[in-house]
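First the structure, in the form of structure tokens, and then the observations on it.
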Amino acid sequence: QDIFGSSCSHTSAHSTGSVAALDMKRQLSPSGSVEGVSSSGQVESMINNEHADSLRESKTSLTSPPLSLLSLRVASRVPCVQHMVLGASGIGCLYRDVPMDVAKATVEVALDQGFDSMDTAPWYGAGLSETRLGELLAQRSGVKVSTKCGRVIRSCADLSSRGEHAEPHYKGHFVTEAYHSNVPVADYTAAGIRESFRQSCDRLGRRSLDVLRLHDAEGEERYAAALAGGAVEAMLQLRREGHVAEIGLGMGSAEYALKYLRAFPPGTFDSLMLAGCWNLIDQDGLEVLLECQRLGIRVHNVGIFASGVLWGGQYYKYGDISAAVADKVKGWESLAQSFGFTLPQVALSFALLPEVVERVAVGCSTPEEVVGNVNLCGKSVPLALWQQAKDKGLLAEGIPLPCD
């Protein structure tokens, strides 16, 4: 959500075994095609020859590379607005009503501040975020917009006639009753991906998309559905036909991000948007970052403020803050202040340490939040701060640090 300085290498403390064998047979529905996008019942018509060969085996063992022999390249950077992506879940009324005039002011201030990349998804307000971005960016050029797939948007009235079910966690996350009666329905089939793409294009007012990422297809049930349904193959077809410039993954699970990266050949994914797995509290994404570095996949780091707890928030990963997390936050805050930094400034710099991280995404729902994030830029955290963090146990020994 770049230019890297010189870096030095450090050995990762992590190595992995193998991922369980997967049933790689795909069934693609011949229905659900969109204008200009062909539909096929054969996987081989949707993917390159290398991937088609791998799919002809009913069981494929996916052995992880020897990541213990790799090292994560890190470098100190001075954060700037070009390192940031505006996360547009907030203008889709995440947790609270955000009127259109506030959404408009938020996007306009972001553009005035120099944001040139914005991220949205059908999940964000059941299409409301996409619709608003489409309207607000209609007369703007030079702004890269990424969205996601794996959910189609239906009106509540259509659900029963289609035999579909709304995602149960939408209510309580998004407050959109004042704007529509639509709901998201998870669909990781090839036809569902094409329909999700078609709907997103309509809402964004575009004939093609800059970036399309597979969204939240994690957990055994959704992972299996995406593999069996041909979700990634449908995305590959969209990219080959020029309807999408880049495809990638939008994941909140390091475990499942790794599974996808290893289930498909190199070159399948252009980027990974990884949420909540590389910040001052949680570095579970170390192994994923190593894999992306090995494969040349660009990473957009999300959740860099650890669900907001690093900026005074009252929740961590959608739940109460544990005593251990609260102690860690206090430790980081004290350390940051001793060096003349705010805690969010240190959090931003840490999020950008790995060279493979191209950008960070910052969610904003008001103009003030945009300005607050931009004001974090311009200062480089010294090596001494990271070294003291290790001495105090705030960072594990296996986490690499930049050269002085």
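Annotation: side chain of H243 is not in contact with side chain of R194 (no heavy-atom distance under 4.5 Å). The closest side-chain heavy-atom distance from L353 to P402 is below 4.5 Å. Between F341 and Q337 the shortest side-chain heavy-atom distance does not fall below 4.5 Å. You'll find the side chain of I247 stays beyond 4.5 Å of the side chain of L238, heavy atoms only.
With hydrogens and angles disregarded, no donor-acceptor distance shorter than 3.5 Å links the side chain of T176 to the backbone of Y179. No donor-acceptor pair under 3.5 Å is formed between the side chain of S307 and the backbone N or O of Y315. With hydrogens and angles disregarded, a donor-acceptor distance shorter than 3.5 Å links the side chain of N373 to the backbone of E369. No side-chain donor-acceptor contact under 3.5 Å links N279 to the backbone of A351. Using a distance-only test at 3.5 Å, with no hydrogens or angles considered, no donor-acceptor pair links the side chain of T268 to the main chain of F264. In this structure a side-chain-to-backbone donor-acceptor pair under 3.5 Å is missing from E358 to V356. For S196 (side chain) and G192 (main-chain N/O), no donor-acceptor pair under 3.5 Å exists by modelled atom type. Between the side chain of K390 and the main chain of I399, a donor-acceptor pair closer than 3.5 Å is present. With hydrogens and angles ignored, the 3.5 Å screen pairs no side-chain donor or acceptor of S200 with any backbone N or O of F197. The main-chain N or O of R151 is never found under 3.5 Å from a side-chain atom of Y188 such that the two would form a donor-acceptor pair.
Closest approach of D216 and R222 over heavy atoms only: O-CD, 3.5 Å. Nearest heavy-atom pair, L272 versus C292, reported as atom, atom and distance to 0.1 Å: CD2-SG, 3.7 Å. The two residues L136 and V107 make their nearest non-hydrogen contact at CD1-CG2, 3.7 Å. In this structure, C377 and V81 approach most closely via the heavy-atom pair SG-N, 3.8 Å. S365 and V98 get closest at one heavy-atom pair: O-CG1, 3.8 Å. Closest approach of V78 to K379, counting heavy atoms only: CG1-N, 3.9 Å.
Between T120 and E130, the side chains place no donor N or O within less than 3.5 Å of an acceptor N or O (distance only, hydrogens not considered). Of the N and O atoms on the side chains of Q237 and E241, at least one donor lies less than 3.5 Å from an acceptor on the other residue.
D187 contributes atom CG, which lies 11.0 Å from atom CD1 of I153 (distance to the nearest 0.5 angstrom). Interatomic distance, OG of S76 versus CZ of F350, reported as 12.0 Å (0.5 Å rounding). We find the CG-CD1 distance between L280 and I304 to be 9.0 Å, quoted to the nearest 0.5 Å.
Separation of the Y223 and Y260 ring centroids falls under the 6.0 Å cut-off. Checked against the 6.0 Å centroid criterion, the rings of F174 and Y170 qualify as a close aromatic pair.
In this structure, D320 places its CG atom where only 12 or fewer heavy-atom neighbours from other residues, nucleotides or ligands lie under 6.0 Å away. Shown here is E221, whose CD atom has no more than 12 heavy atoms of other residues, nucleotides or ligands within 6.0 Å. Around the CD atom of E177, the shell of radius 6.0 Å holds more than 12 heavy atoms that belong to other residues, nucleotides or ligands.
Salt bridge annotation for R132-E108: absent, with no cationic side-chain nitrogen under 4.0 angstrom from a carboxylate oxygen. R77 has no carboxylate O lying under 4.0 Å from a charged side-chain N of E355, or vice versa, which leaves the two without a salt bridge. Remark: D210 engages R206 in a salt bridge, criterion side-chain N to carboxylate O under 4.0 Å. The residues E135 and K104 are annotated as not salt-bridged, no charged nitrogen and carboxylate oxygen being separated by less than 4.0 angstrom. Salt-bridge annotation for E220 and K259: present, with a side-chain N of the basic residue lying under 4.0 Å from a carboxylate O of the acidic one. D116 has a carboxylate O that lies under 4.0 Å from a charged side-chain N of R359, or vice versa, which qualifies the two as a salt bridge. K148 has a carboxylate O that lies under 4.0 Å from a charged side-chain N of D119, or vice versa, which qualifies the two as a salt bridge.
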(message) Using the rule given for salt bridge (charged side-chain N to carboxylate O under 4.0 Å, His left out), can you reason through E333 versus K330, listing the C-alpha separation, both sets of side-chain angles and the distance that settles it, and then say yes or no?
(response) CA-CA 5 Å; E333 191 166 31; K330 289 178 182 177; over 6 Å; no
(message) Working note: E195 + Q199, criterion side chain to side chain donor-acceptor pair (under 3.5 Å); need CA distance, chi angles, decisive distance, verdict.
(response) CA-CA 6 Å; E195 176 62 11; Q199 291 183 1; 3.0 Å; yes
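Looking at R213, R239, R298 one by one, the single match for salt bridge (charged side-chain N to carboxylate O under 4.0 Å, His left out) with D270 turns out to be R239.
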